[in-house]
2 protein chains.
Amino acid sequence: MRKVDTMILSTRGRYGIKMMLELALNYGKGAMPLKDIANRQSLSDTYLEQLISPLRKKGFVKSTRGAQGGYELAKKPSEIKVGDIIRVLEGSLAPSQCVLEEEPECSKAEYCATKLLYEKITESINNVIDSISLKDMVDDYYRLNNTNVKRRSENE
Amino acid sequence: MRKVDTMILSTRGRYGIKMMLELALNYGKGAMPLKDIANRQSLSDTYLEQLISPLRKKGFVKSTRGAQGGYELAKKPSEIKVGDIIRVLEGSLAPSQCVLEEEPECSKAEYCATKLLYEKITESINNVIDSISLKDMVDDYYRLNNTNVKRRSENE
DNA sequence: GTAAATCCTAGTTTATTAGTAGGAATTAAT
DNA sequence: ATTAATTCCTACTAATAAACTAGGATTTAC
């Protein structure tokens with residue numbers, strides 16, 4: 001039997017985004033230990049370790065080793081796009097191999113109407129994920145939070 | 001180790017689209033045996049059987065049993081959207097479970113900025129896949145084909 | 001010098017994907 | 001009527017990928 005719903009993001013991408021949002025919320029306040037992030041999000045810290053490693057190597061995160069160490073964003077939240085995080089942790093999101101240049105799935109690629117379809121889907125996804133930065137998410141976070149708090153007190 | 005690139009469509013969706021495109025190209029010419037489709041696309045016919053079954057049950061394909069039987073589209077190609085095929089074979093494409101109503105991944109969904117992100121991604125994907133019909137793909141198919149043939153003869 | 005942290009490699013388990021196998025039911029052509 | 005070609009259905013299997021875990025080396029503030 002098969003899964004009912006396909007998540008286009010695996011836990012790598014999803015946890016990675018949560019993790020980076022935590023770092024963005026902490027931006028400018030120094031290094032944050034991974035264990036804190038894991039605790040706040042109820043995720044396995046040893047698993048998050050695996051995810052933050054490539055983000056560091058790609059220059060989105062910087063680390064301070066040793067006691068009192070931790071991680072922080074290596075760029076301003078406005079300069080890190082959700083697409084950056086996803087591409088590091090999931091690779092290119094493409095609906096089919098043939099959209100990626102390396103190896104055409106389809107032997108008659110020039111006649112391939114499905115390739116055209118996949119390119120349209122890919123473009124649409126990339127447009128969205130490259131238009132949203134961590135700063136946008138932080139803004140959303142505070143906006144959503146304030147709205148709810150306000151609504152609650154208005155009801156009383 | 002992990003795969004380098006995440007395909008948002010599995011073979012179910014990709015083969016399903018190829019199969020439906022073949023049926024669309026054959027539209028109006030009677031039933032086409034699954035074995036023919038499998039041969040044309042170099043795919044396993046027993047696997048395609050599994051994929052066409054839910055498409056038939058959802059009313060996108062109709063079958064004729066017995067010798068000289070086969071499958072054909074149950075609607076006009078313009079009335080079948082790529083999104084229909086994908087949803088039948090892959091389920092809802094969503095970047096995260098929390099976008100689907102049933103079970104919120106996030107305990108504090110009302111404060112969840114990532115949910116907002118996922119909704120934007122989902123909306124963008126659905127917009128594309130629901131705007132492209134099998135007729136569009138058939139048109140692309142012939143347009144790509146003619147263009148290439150023409151270019152070839154122009155070169156001589 | 002000890003505790004708290006990152007860093008690194010290699011496992012392990014579980015779930016999902018991608019098929020296969022085997023046969024029952026149906027029907028056109030002979 | 002028999003045969004061959006087809007759909008239809010259920011269950012199984014193998015390969016792959018996802019989701020972690022384990023263990024230890026290294027670094028550094030206190």
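No experiment lies behind these values; they were computed from the predicted model shown. A, B, ... follow the sequence lines: proteins, then strands. Residue 1 opens every chain.
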Give the rounded distance in Å between these two atoms: [atom1] of [X] and [atom2] of [N].
X	N	atom1	atom2	value
L89(A)	dA18(D)	CG	C1'	14 Å
I8(B)	dT17(C)	CD1	P	14 Å
E90(A)	dA17(D)	CD	P	14 Å
L48(A)	dA19(D)	CG	C1'	12 Å
Y71(B)	dA5(D)	OH	C1'	13 Å
Q41(A)	dA19(D)	CD	C1'	17 Å
L51(B)	dT7(D)	CG	C1'	15 Å

Check your understanding: What residue pairs, at least two apart or across chains, pass ring-ring contact (aromatic ring centres under 6.0 Å, His included) with a residue in residues 29-48 of chain A?
Key -> Y15(A)-Y47(A)

Practice item. Scan residues 62-83 of chain A for pairs that pass ring-ring contact (aromatic ring centres under 6.0 Å, His included), counting only residues two or more places apart or in two chains. Key: none

Review point. Between the main-chain N or O of I37(A) and the side-chain N or O of E22(A), is there a donor-acceptor pair closer than 3.5 Å?
Key: no

Review point. Donor-acceptor pair, S131(A) side chain versus V128(A) backbone, under 3.5 Å?
Key: yes

**Study point:** Set of side-chain contact (heavy atoms from CB on, under 4.5 Å) partners for Q68(A), sequence neighbours left out
**Key:** none

Point to revise | Any residue meeting side-chain contact (heavy atoms from CB on, under 4.5 Å) with T64(B), in chain and number order, not counting sequence neighbours | key: A31(B), E72(B)

**Study point:** Contacts of K81(A) that satisfy salt bridge (charged side-chain N to carboxylate O under 4.0 Å, His left out) - sequence neighbours left out
**Key:** none

Review point. Among pairs that include at least one residue of residues 124-136 of chain A, which meet salt bridge (charged side-chain N to carboxylate O under 4.0 Å, His left out), considering only residues two or more places apart or in two chains?
Key: R87(A)-D130(A), K135(A)-D139(A)

Revision key, fill the gap. Salt bridge (charged side-chain N to carboxylate O under 4.0 Å, His left out) pairs touching residues 43-60 of chain A, sequence neighbours excluded, are none

Point to revise | Those residues that, when tested against S44(B), pass side-chain hydrogen bond (donor to acceptor under 3.5 Å, both in side chains) (two or more places apart) | key: T46(B)

**Study point:** Any residue meeting side-chain hydrogen bond (donor to acceptor under 3.5 Å, both in side chains) with S124(B), in chain and number order, not counting sequence neighbours
**Key:** S124(A)

Check your understanding: If only side-chain N and O atoms of S63(B) are considered, is one of them under 4.0 Å from the OP1 or OP2 phosphate oxygen of dT6(D)?
Key -> no

Check your understanding: Any side-chain N or O of S10(A) less than 4.0 Å from the OP1 or OP2 oxygen of dA19(D)?
Key -> yes

Revision key, fill the gap. Sorted by number, residues from residues 52-62 of chain B placing a heavy atom under 4.0 Å from DNA chain C are none

Check your understanding: Residues from residues 25-36 of chain B sitting under 4.0 Å of DNA chain D, heavy atoms only?
Key -> P33(B), L34(B)

Review point. What string of B, S and - do you get for nucleotides 20-30 of chain D, 5' to 3', if B is base contact, S is sugar-phosphate-only contact and - is no contact with any protein heavy atom under 4.0 Å?
Key: BB----BBBS-

